[in-house]
Amino acid sequence: MGTAKHRAYSFDMKPTIEQVEKDGKLVWRVEAAGVVRYHEQDWQAQWLYSYLMRLYNCDEINPQKS
């Protein structure tokens, strides 16, 4: 078996992160490739956003970036 390539996300737009109110709570909203994830804990949102930005900036995974 070969190495796995992360192709779960097709990046047409740069990932975003913002704080929003959801269900009366202030949470983080992370969006990439039309997929939105909400996190109450700061570290979870920051980790996911950093991971998605690394994928976005990777020429092998995101050739249209170059």
Side-chain angles (χ1 to χ4, degrees):
M1 293 193 145
T3 44
K5 302 241 185 228
H6 297 278
R7 300 222 182 259
Y9 294 96
S10 170
F11 293 101
D12 294 331
M13 294 176 55
K14 190 174 183 178
T16 61
I17 185 171
E18 63 180 332
Q19 265 193 317
V20 298
E21 189 172 324
K22 182 178 182 201
D23 300 327
K25 295 180 181 178
L26 197 57
V27 297
W28 289 98
R29 180 182 187 274
V30 181
E31 181 176 4
V35 176
V36 177
R37 298 281 187 250
Y38 294 94
H39 294 282
E40 290 184 18
Q41 296 184 354
D42 180 65
W43 72 267
Q44 292 173 320
Q46 295 295 337
W47 182 90
L48 178 59
Y49 178 71
S50 295
Y51 174 73
L52 293 170
M53 284 302 296
R54 284 193 302 271
L55 290 178
Y56 175 78
N57 289 321
C58 179
D59 292 338
E60 183 179 328
I61 293 171
N62 192 16
Q64 70 265 17
K65 175 86 173 62
S66 352

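Since the structure is predicted, the reported quantities are computational estimates derived from the model, not experimental observations.
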Q: Flag yes if Val27 and Val36 sit in one hydrophobic cluster, no otherwise; membership is Ile, Leu, Val, Met, Phe, Trp, Tyr, and two members link when side-chain heavy atoms are under 4.5 Å apart.
A: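 Yes: a chain of side-chain contacts under 4.5 Å links Val27 to Val36.
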Q: Looking only at heavy atoms, what is the nearest atom pair of Gln46 and Ile17, with distance?
A: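 For Gln46 and Ile17, the tightest heavy-atom pair comes out as NE2-CD1, 3.9 Å.
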Q: Indicate the atoms forming the closest heavy-atom contact of Glu21 with Leu26, along with that distance.
A: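 Distance-wise, the nearest heavy atoms are N-CD1, 4.3 Å.
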Q: How about CD on Glu18, more than 12 heavy atoms from neighbouring residues, nucleotides or ligands closer than 6.0 Å, or not?
A: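 Buried by this count: over 12 neighbours within 6.0 Å.
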Q: Rounded to the nearest 0.5 Å, what separates atom CZ in Arg37 from atom CD in Gln44?
A: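 Here the interatomic distance stands at 12.5 Å.
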Q: Please list all pairs meeting salt bridge (Lys or Arg N to Asp or Glu O under 4.0 Å) that have one or both residues in residues 41-50, counting only residues at least two apart or in different chains.
A: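 Listed by first then second residue: nothing to list.
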Q: Quick check: closest heavy atoms across Tyr49 and Pro15, and the distance to 0.1 Å?
A: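 Looks like CE1-O, 3.5 Å.
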Q: So, taking the atom named NZ in Lys14 and the one named CG in Asn57, what distance separates them when rounded to the nearest 0.5 Å?
A: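 If we round to the nearest 0.5 Å, Lys14:NZ and Asn57:CG are 7.0 Å apart.
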Q: What's the separation between atom CG in Leu48 and atom CE in Met53, rounded to the nearest 0.5 Å?
A: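 Leu48 CG to Met53 CE: 12.0 Å, rounded to 0.5 Å.
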Q: How far does OH of Tyr38 sit from CD of Glu31, to the nearest 0.5 angstrom?
A: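 The OH atom of Tyr38 sits 8.5 Å away from the CD atom of Glu31.
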Q: Hey, could you give me the CH2/CH2 distance between Trp43 and Trp28, rounded to the nearest 0.5 Å?
A: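 That separation rounds to 14.5 Å.
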